[in-house]
Structure formats: structure tokens, C-alpha cells
Amino acid sequence: MLDLFDLPGTERRFAEGAVLLRGLALPREAELLAAVEGVTAVSPFRHMVTPGGFTMSVAMSNCGAAGWITDRRGYRYGAIDPETGNPWPAMPDVFRALAMNAAARAGYPGFTPDACLINRYEPSARMTLHQDKNERDYAAPIVSVSLGLPATFLFGGKERSDKTLKLPLQHGDVAVWGGASRMNFHGVNTVADGVHPLVGRRRLNLTFRKAL
Ligand code: MD6
Ligand code: FE
């Protein structure tokens with residue numbers, strides 16, 4: 001469906017406190033991808049296990065002072081990559097600059113992320129509805145950058161059973177949310193097969209948080 005609000009450079013407020021900034025990451029796409037390669041050369045993508053024992057279809061890594069992890073013991077943030085035994089790689093400047101710019105545009109000036117979760121979706125991967133609630137301070141928003149294959153983002157309400165808005169996310173889109181919708185359920189539908197000219201056969205998502 002062709003929609004004037006889906007063009008790069010446009011902004012769409014999709015819920016209270018939630019804004020989609022179309023194409024905001026496009027001018028830095030090459031640097032962002034190089035930075036993902038740099039981080040994941042040190043802390044490789046891995047499929048983590050949920051507390052319930054399920055292996056996630058999305059592969060993850062992190063950079064910044066804190067990284068989000070899950071294992072049989074639970075969900076949490078930690079300074080050390082459990083796979084390498086070393087601290088997560090530092091957050092690349094191009095990551096931090098984009099996250100701060102996006103947050104300011106969305107009405108959250110002064111956002112200083114200390115954690116960046118990097119999600120890799122290969123075709124057929126998905127993320128079931130969840131709330132982001134392992135961060136210490138819910139006053140800070142979350143900034144989410146999409147690269148590569150498109151996906152449908154599901155954005156619900158405060159209850160898992162609330163109806164969900166279906167938001168198509170394209171390469172270069174940045175979603176920011178906080179405030180009244182900070183604790184809303186959200187997820188990503190199964191990623192369809194395809195090849196992105198720059199990113200290949202995958203979707204990458206960077207989510208920036210203030211975790212500590
Ligand atoms: C994703 N994102 O887009 C999954 N969470 O791949 C998330 O779960 C998410 O995009 C909180 C805020 C933004 C997000
Ligand atoms: Fe999330």
C-alpha cells in the first residue's frame with residue numbers, strides 16, 4: 001500500500017510517546033553496518049535460551065556498558081559477555097550519535113544510552129509479544145533501528161491480549177518510544193525470505209536503552 005506517511009524523512013506518531021522516523025538511519029547505513037561487523041567480530045551473534053528453555057530464533061549480541069542476556073536463570077543486563085568472558089564491546093560513536101539524534105527528534109532530549117542490543121533475524125525468525133522491563137529506569141525511551149530485510153512490527157497495549165497495530169519497518173527506519181507507551185507489548189512477525197542489497201539475507205535491529 002502506498003502511503004504518504006511511509007516515505008523516508010517522514011515522522012509518524014504511532015502511539016502516545018511513540019514515533020517512527022522513516023529513513024533516519026539511511027545517511028549512515030554503511031558506517032552502521034561496519035560497526036555491527038566490528039562488534040560482532042568480538043562478541044559474535046548467538047541464539048540465547050529463555051528461562052523457559054526455548055532457544056530464540058533471533059540471534060543476539062550487544063555493545064555498550066551493559067548487554068541484555070537471557071539464560072535458564074532469567075532475563076537481565078550484564079557488563080560481561082557470557083560467551084567470551086570479556087566486557088561487551090564499546091558502543092560505536094555512530095550508534096550513540098544516531099540514537100541520541102533520534103530520541104531528541106522524538107521528544108526525548110538528553111537520552112544517553114548505555115546498552116545496545118543487536119538482533120539478527122534470518123528469514124523465519126520472529127519475536128513474540130513482550131514488554132521491555134529489565135531496565136532500571138522506565139523514564140528513558142527506547143530507540144530501535146531497523147536495517148536490512150523489512151519486517152512487520154507489532155505494537156500492542158498494556159495487556160498481552162490487547163489488539164496490535166501492524167507497523168511495516170524498512171531498512172533505515174528508526175522507532176522511538178517511551179512515556180505513556182514505554183511498557184506496551186510489542187513483537188516482530190516472522191521475517192519473510194529475501195535479500196537486501198546491502199545487508200543480505202537478514203534483518204538487523206539495534207535497540208538502544210538506558211539499562212543501568
Ligand atoms: C525488533 N525490537 O525490532 C525487536 N523493543 O527486532 C524490540 O523488541 C524492541 O524494537 C523495545 C523497543 C524497540 C524495539
Ligand atoms: Fe522489545
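Ligands are counted one by one from 1 in listed order, and the atoms in each one are counted from 1 as well. Throughout, residue positions are numbered sequentially from 1 according to the sequence presented.
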**Request:** Go through the side-chain N and O atoms of R136 and Y77 and say whether any donor and acceptor fall under 3.5 Å apart.
**Result:** no

**Prompt:** Between the side chains of H171 and D173, is a donor N or O closer than 3.5 angstrom to an acceptor N or O?
**Reply:** no

**Request:** Could you pull out the atom name of the N/O/S atom in H186 that is nearest the Fe ion (ligand 2)?
**Result:** NE2

**Item:** F153 and H186 aromatic ring geometry - parallel, tilted or perpendicular at 30°/60° bounds
**Value:** tilted

**N119 side chain to T207 side chain, donor-acceptor N/O pair below 3.5 angstrom** = no

**Complete:** side chain to side chain donor-acceptor pair (under 3.5 Å) test vs N184 passes for just one of K158, Q131, E16, namely K158

**Prompt:** So, R182 and D132, do they make that salt bridge, N to O below 4.0 Å?
**Reply:** no

**Request:** Using a strict cut-off of under 4.0 Å between a residue heavy atom and any atom of ligand 1, list the qualifying protein residues by chain and number.
**Result:** N119, Y121, M127, H130, D132, I142, S144, F153, W177, H186, V188, R203, N205, T207, R209

**Message:** To 10 degrees, how wide is the angle NE2 (H130) to the Fe ion (ligand 2) to OD1 (D132)?
**Reply:** 90°

**Complete:** Of V36, L149, L33, the one forming a side-chain contact (heavy atoms from CB on, under 4.5 Å) with V199 is L33

